[in-house]
Amino acid sequence: MAVAELAPVAGPSKPHNAVKKPKKDQKPKLRTSKLKKLTEKQKIDQLEKEALNYVPPGDLRTFADLPLSEPTKRGLKKAFFVNMTDIQRDSIPHSLKGKDVLGAARTGSGKTLAFLVPVLEILYRQKWGQQDGLGALIVSPTRELAVQIFEVLRSIGGYHTFSAGLVIGGKNLKDESERLSKMNILVATPGRLLQHMDQTVGFDAGNLQMLVLDEADRILDMGFKRTLTALLEHLPKSRQTLLFSATQTDSVSDLARLSLKDPVKIGVVAVDSTSAATTTMPQNLEQHYLVVDLDRKLDVLWSFIKTHLQTKVIVFLSSCKQVRFVFETFCKMHPGIPLLHLHGKQKQSARLTMYQRFISMKHAVLFATDIAARGLDFPSIDWVVQLDAPEDAETYIHRVGRTARYESKGKALLFLTPSEEEGMKAALAKKGIKVSKIKNKASKTQNIQNQLQKLAFQDPEIKYLGQRAFVSYLRSIYLHKDKSIFKLEGLPVDRFAESLGLPGTPKIKFLSKAAVKQKKNASRAVEDAQADVLKEAQDDQSGPEDEQDFDTSSDEDEGGDGEKSAAADATSRQNGAVRTKYDRMFERKNQNVLSAHYSKLIEHDPTTVGNDEDDDFIVLKRADHDLDDPSDPAAIAAAAAVDAANLSKRKQRLGKAKKAIITGGLPTKLIFDDEGNPHQIYEMADPDAWYRDKGGLEGAKEEGKLFAQEEGQKLRQADVIDKAEAREKKREKKRKRKEREKAALTGDHAPAEVAFVEPPSEDDGYVSPEFDLSSEDEDDDVAPPSKRPKFITTSPGVTKPSKRPKNDWSTTGLEDEEEMALRLLGRA
């Protein structure tokens, strides 16, 4: 499909009064264009009237018999679509009239054309253009199905001028956003579409004319219910909606009530809840099932592939990790047929590549999850093998729908473990599906357990994949809702691990939890049985009086516990007591068994609590310390030792310090002045005397100013010292960098030995010259004398001093290093 863009062609300018005379046989161009436009408009109006008044005949078979436009007919003819299927024949006439359609048909019945043809026709009759924005929206559950719908749309809509786009996850969001505002028809998956509606500026669906929901049951099963609800809120209510699905569930019915207005139901049969539902299956489909032990599944699958090398097969497994394991191991074993795999953990480009390769091959085996079970059209599929049982009958229908599409033939084989046989047969029977049982020939079954063990031993990656596949399969069984089919207990877990080539059974958390839960349930059942036996024995020993004493409830009690509780609450409020939920719980009928002990439990009189030695198993008592004399030092020391044993070392030290302060007071320390008089280290001067000595308030203020000046001077001196140290570090870093550069240029990479010399001090008779730090240039190569480095450098293994670098700070010109050191020390 292409977008027609017309641009005016510039020509030479002419005066406004210039008139060109037409030739004799030439008609005016303006009149011809008007006639053409009127003719086009008349054709569209006539086509719309025919569609609204169209009554399909009983022998309707081909697309040519429908009131379709010429571009659509040409596109269908080019794509070799001539005859219509049942769902197309029944739904397209109603869709062309603008009615909402709720369609249900088996997989492979041609539902894609049933909604693509009306989409093209409705937009064509409304003269939809690029400036009109989004006109039709098609929502698909999976990316692969969206790609397939888009390819069919391109094949039949090539003669229209609409612009079509594909929006799926896994592609660049920014690139999609730039082109989104120019699309007239959009095919999208729910998640990415909602993301564009929320984030993309300029994406407007307010002028939408048609909404198509393909495989609606699958969209809801994949958890997109909330996403669909949010999408419907973004769309206008005055639209035409087409909803197609292979199965009709309660969720689909709820969605239809929300999004459709008086829909025409095509292929939807009202089913009574008491009767078994019937599902239309392809007539050319042969369905079989095979009972195989869990640890023998891969052996039978390998033998099946080896005996069907000239066919095209899809093998369905329950998880992505199983698909990877089976694909990798079978590829290394070389069955003699091309192998492919398709699952949700692959990138979008890889999934599309696998899909295109598989449909182009004549003989191949595709290992896939349920991502390939809905809507995808794989041509010429001979066998659909379900190695793992589907979660329900609907999934089975969609899986086997990949074969026997249209008028072709196909076969389906379902693998069931002995524990799954009865439950799955009953679930399929409710849908009216009959599957015949076949037996496997043991003579043609090859055992591949040794080969898998060898692969796991040689390649750690295969071993890791096997462990993940083992865990994922058991988790899928554990999480399935229908426990009448999928039972975790009783599975040969150890033998299943051996069949995957694993050296041992991996430990699984949910398996241990399930075992603990099962054990608890069993022990609880035993305890309940024992309690029932004891109760019956007590009832036999006790008479009617005992039974009457046990059950104190009367007819008045049956009137309602709420009135008694309300009355008790009112009484407690009047008395000022606080009532808790435990008070209400123990006041209920048939709860007086524990009333006596509960009275003891809430008793606040210490003289009555705990008198009965037999019933004190839950009564909390306060520990009493038997101290004859509370002031006894020995008893106090013993209690302190017990408490100190439970404290940390830090708390013990703090405790000792506090104890010393309490007993001996604060620590004291004396210092002596120059005259030898002792003073306290924290001796405080007399404030009144100091105030008088300073001359009152003015003297105190002056003293404060002097103190502030002294502190400021100290800070400035510290700042000067810090800046000097920073400059020295910077110069040292620059000097080392220049030495490294020079060594790199001269090729001398030997590290220099640094002999550090103690800086001269005033005690040695050396006085450093004064200098102004503020006038220094940080980038100068020559530093002032007092800031020169106090070290000398010598090359390793050379007794004579090496040649100084060009930018060496030492500019004295001395050749003897000893004399240099002496001069630096002030002793030369």
Side-chain angles (χ1 to χ4, degrees), residues 290 292-347 350-351 353-354 357-358 361 363-372 383-389 413-417 440 442 444-477 491-508:
L290 185 66
V292 184
D293 292 333
L294 182 60
D295 55 318
R296 297 284 295 170
K297 276 188 175 182
L298 291 182
D299 298 338
V300 178
L301 177 63
W302 172 263
S303 304
F304 177 85
I305 294 175
K306 291 292 290 183
T307 55
H308 295 78
L309 298 179
Q310 300 298 320
T311 58
K312 201 169 186 179
V313 185
I314 298 181
V315 180
F316 285 102
L317 296 99
S318 60
S319 65
C320 303
K321 298 178 181 62
Q322 287 179 271
V323 170
R324 283 199 60 193
F325 173 74
V326 176
F327 171 74
E328 294 292 342
T329 53
F330 280 24
C331 283
K332 293 180 180 296
M333 294 165 60
H334 305 291
I337 187 174
L339 302 179
L340 302 172
H341 65 304
L342 184 66
H343 55 84
K345 297 297 183 182
Q346 292 173 320
K347 294 183 178 180
R351 287 162 62 176
T353 302
M354 290 293 176
R357 287 181 58 190
F358 184 64
M361 289 181 176
H363 307 302
V365 177
L366 176 67
F367 301 102
T369 57
D370 285 335
I371 193 174
W383 281 90
V384 171
V385 178
Q386 303 181 57
L387 188 66
D388 295 332
L413 179 61
L414 173 63
F415 283 61
L416 294 176
T417 60
N440 181 42
K444 293 186 178 181
T445 303
Q446 182 181 353
N447 192 341
I448 62 171
Q449 180 176 338
N450 294 333
Q451 300 181 47
L452 294 178
Q453 289 178 354
K454 182 179 179 181
L455 291 174
F457 178 77
Q458 294 177 347
D459 191 353
E461 181 70 19
I462 296 296
K463 177 183 175 181
Y464 174 73
L465 291 177
Q467 293 172 346
R468 300 293 298 274
F470 174 84
V471 174
S472 64
Y473 174 77
L474 294 182
R475 182 183 289 114
S476 66
I477 297 296
L491 291 178
V493 178
D494 296 335
R495 286 189 285 130
F496 178 51
E498 292 178 1
S499 67
L500 298 179
L502 301 178
T505 304
K507 294 181 180 180
I508 305 175

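Smallest separation of non-hydrogen atoms from Ala368 and Ala372: CB-CB, 4.0 Å. Minimum interatomic distance between Cys320 and Gly344 (heavy atoms only, all atoms of both residues): SG-N, 3.8 Å. The shortest non-hydrogen separation linking His343 to Val323 is CD2-CG1, 4.0 Å. Residues Phe358 and Val313 come closest through the heavy atom pair CZ-O, 3.8 Å. For Leu416 against Ala389, the heavy-atom pair with the smallest separation is CD2-CB, 3.8 Å. Pairing each heavy atom of Leu294 with each of Pro492, the nearest pair is CB-CG, 4.2 Å.
Looking at heavy atoms from C-beta onward, Phe330 lies in side-chain contact with Leu301 at the 4.5 angstrom threshold. Proximity of Ile508 to Leu474: side-chain heavy atoms (C-beta onward) are separated by under 4.5 Å at one or more points. Using a 4.5 Å heavy-atom cutoff, the side chains of Leu387 and Val300 are not in contact. Counting heavy atoms from C-beta on, the side chains of Arg296 and Thr445 come closer than 4.5 Å. When side chains are defined from C-beta on, Phe316 does not count as touching Asp388, because their heavy atoms never get closer than 4.5 Å. With contacts defined as side-chain heavy-atom distances shorter than 4.5 Å, the pair Leu340/Leu342 does not qualify. In this structure, Val385 and Ile314 have side chains that are not in contact, with every pair of non-hydrogen atoms separated by 4.5 Å or more. You'll find the side chain of Lys297 reaches within 4.5 Å of the side chain of Thr417, heavy atoms only.
Few gaps surround CZ on Arg351; more than 12 heavy atoms of other groups in view lie less than 6.0 Å from it.
Here OG1 of Thr369 is found 10.5 Å from NZ of Lys345. Values are rounded to the nearest 0.5 Å. In this structure, the separation between OG1 on Thr505 and CD on Gln467 is 10.5 Å, given to the nearest 0.5 Å. In this structure, Leu339 CG and Lys332 NZ are separated by 12.5 Å, a value rounded to the nearest 0.5 Å. Rounding to the nearest 0.5 angstrom, the gap separating the OH atom in Tyr473 from the OG atom in Ser318 is 7.0 Å. To the nearest 0.5 Å, atom CG of residue Asp295 and atom CZ of residue Arg495 are 4.5 Å apart. For the atom pair Leu465 CG and Glu328 CD, the distance stands at 6.5 Å (nearest 0.5 Å).
No close placement of the Phe325 and Phe470 rings is indicated, their centers lying 6.0 Å or farther apart.
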Hey, mind stepping through Leu366 and Val315 against side-chain contact (heavy atoms from CB on, under 4.5 Å) and telling me if it holds? CA-CA 6 Å; Leu366 176 67; Val315 180; over 6 Å; no
Only distances under 3.5 Å count here; give the side-chain donor-acceptor pairs of residues 303-310 to other protein atoms, sequence neighbours excluded, each with its distance to 0.1 Å.
unit_1	atom_1	unit_2	atom_2	d
Ser303	OG	Asp299	O	2.9
Ser303	OG	Gln446	N	2.7
Lys306	NZ	Pro335	O	3.3
Thr307	OG1	Ser303	O	3.0
Thr307	OG1	Phe304	O	3.0
His308	ND1	Phe304	O	2.8
Gln310	OE1	His363	NE2	3.3

Which atom pairs, donor and acceptor, lie under 3.5 Å between side-chain atoms of residues 448-464 and protein residues at least two apart or in another chain?
unit_1	atom_1	unit_2	atom_2	d
Asp459	OD1	Glu461	N	3.1
Tyr464	OH	Arg468	NH1	2.3

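Using cut-offs of 30° and 60° for the angle between ring planes, the His341 and Phe327 rings count as parallel.
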